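Notes follow the structure.
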Amino acid sequence: MSERLEVRGVYQDFGENRVLAGCDFTLSPGRIVGLLGHNGAGKSTLLKILSGGLRPTGGTILLDGQRITRKRRPQVAYMADHILLPGELKVKRGVSYYADLFPNFDPARADALCEELSVPGEQRISLLPKGMAERLDLALLLSRDARLYLLDEPLGGVDPVERARLLRMVLDFPDGERTILMATHLVHDIEPVLDDVLFLREGKICLQASAEEIRAQYGQSVEEHYMAVFEGGGGV
Ligand SMILES: Nc1ncnc2c1ncn2[C@@H]1O[C@H](COP(=O)(O)OP(=O)(O)OP(=O)(O)O)[C@@H](O)[C@H]1O
C-alpha cells in the first residue's frame, strides 16, 4: 500500500531554537492518528509545516508520493487551534465564506455537520461559546474534500464526554480513504477514536505505533503508555 504522507528528516529552527530535529514518519490512507507530546514539543509547528503555512528549515514531505505543490495544496485541510473566520459573520454566512475560499468545499455537507454538531446557524460567530466555535471550525474543515486533514487540538473547549462522542460521529468518513492527523493533550478523551499514535519528543518522533499494538505489546492504554514514556517511567 502506498503511503498517504511521508515525512523525512523535517527539521525546524527558530533562530537558535531547534524545535524539530529531524522528524521521520509515514501515515497510511484511512487512519486517524494522534500526535502527542508535551507543551512546546513542536506539535503545532509540525502541523503548520504539513499544512504549507510554514516552510521548514529542512526535510521532505510527500503526499501520495508527490511533493505538495500549490496546485495540490487543497488536498491538505488544516484546522488551527483557533477559529480563523471573521467574528462579525453569522454561522450560515461563514459557511458561504468557506465556499468562496476553498474550491473543494461542500456547503451541503457543512450544513449537515453543523446540524449534527448542534451549531446554531443564525448566531454571530464572535458570540459563539468557545466549544461551539470549535464545533463550527470542525464542521467547516471536514466539509472540504481533502486527502489529509490536520487538526490542532480539536474540540479542546468541549467537555470530555461530548468531545469523544462528537469526534467519533464526525470522523467516520464512509470511504475509509482520508487520513486524519490531530495534535492533542487530551489523550484519554481522544483515545477511543485513534487508530495510530505518534509521540513527539525532543524534536523527533520517538514512537509510531497503532493503538492496538500498544495495548497488546505493553498491556497499557495509549494514555498509560504516554505517561510512562513522557514521565520517564518506561521506554518505548
Ligand atoms: N513563529 C515562531 N517563532 C519563534 N518560535 C516559535 C514560533 N512558533 C513556535 N515557536 C516555538 O516553538 C516551540 C514549539 O511550539 P509549538 O507551538 O509548536 O509546540 P506545541 O507542541 O504545539 O505546544 P502546545 O502543546 O503547548 O501547544 C516553542 O518553544 C515555541 O515557542
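Note that the structure is predicted; figures quoted are calculated from it, not measured. Atoms within each ligand, like the ligands themselves, are counted from 1 in listed order.
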Next on the checklist: Which residues pass the side chain to side chain contact (heavy atoms under 4.5 Å, CB included) test with His188, not counting sequence neighbours?
Outcome noted: Glu223

Item to check | 4.5 Å side-chain heavy-atom contact, Arg73 and Ile68 | outcome: yes

Item to check | Contact residues of ligand 1, where a non-hydrogen atom lies under 4.0 Å away | outcome: Phe14, Asn17, Val19, His38, Asn39, Gly40, Ala41, Gly42, Lys43, Ser44, Thr45, His185

Show me, pair by pair, the donor-acceptor contacts under 3.5 angstrom made by side chains of residues 132-142, not counting sequence neighbours?
residue : atom : partner : partner atom : Å
Glu134  : OE1  : Gly156  : N            : 3.2
Glu134  : OE1  : Gly157  : N            : 2.7
Glu134  : OE2  : Lys130  : NZ           : 3.2
Glu134  : OE2  : Gly157  : N            : 3.1
Arg135  : NH1  : Leu117  : O            : 2.9

Checklist entry - Do we see a donor-acceptor contact under 3.5 Å between the side chains of Tyr11 and Arg18? => result no

Checklist entry - Side-chain donor-acceptor pair under 3.5 Å between Ser44 and Asp152, yes or no? => result yes

Checklist entry - Which pairs count as ring-ring contact (aromatic ring centres under 6.0 Å, His included) when at least one residue sits in residues 101-124, sequence neighbours excluded? => result Tyr98-Phe102, Tyr98-Phe105

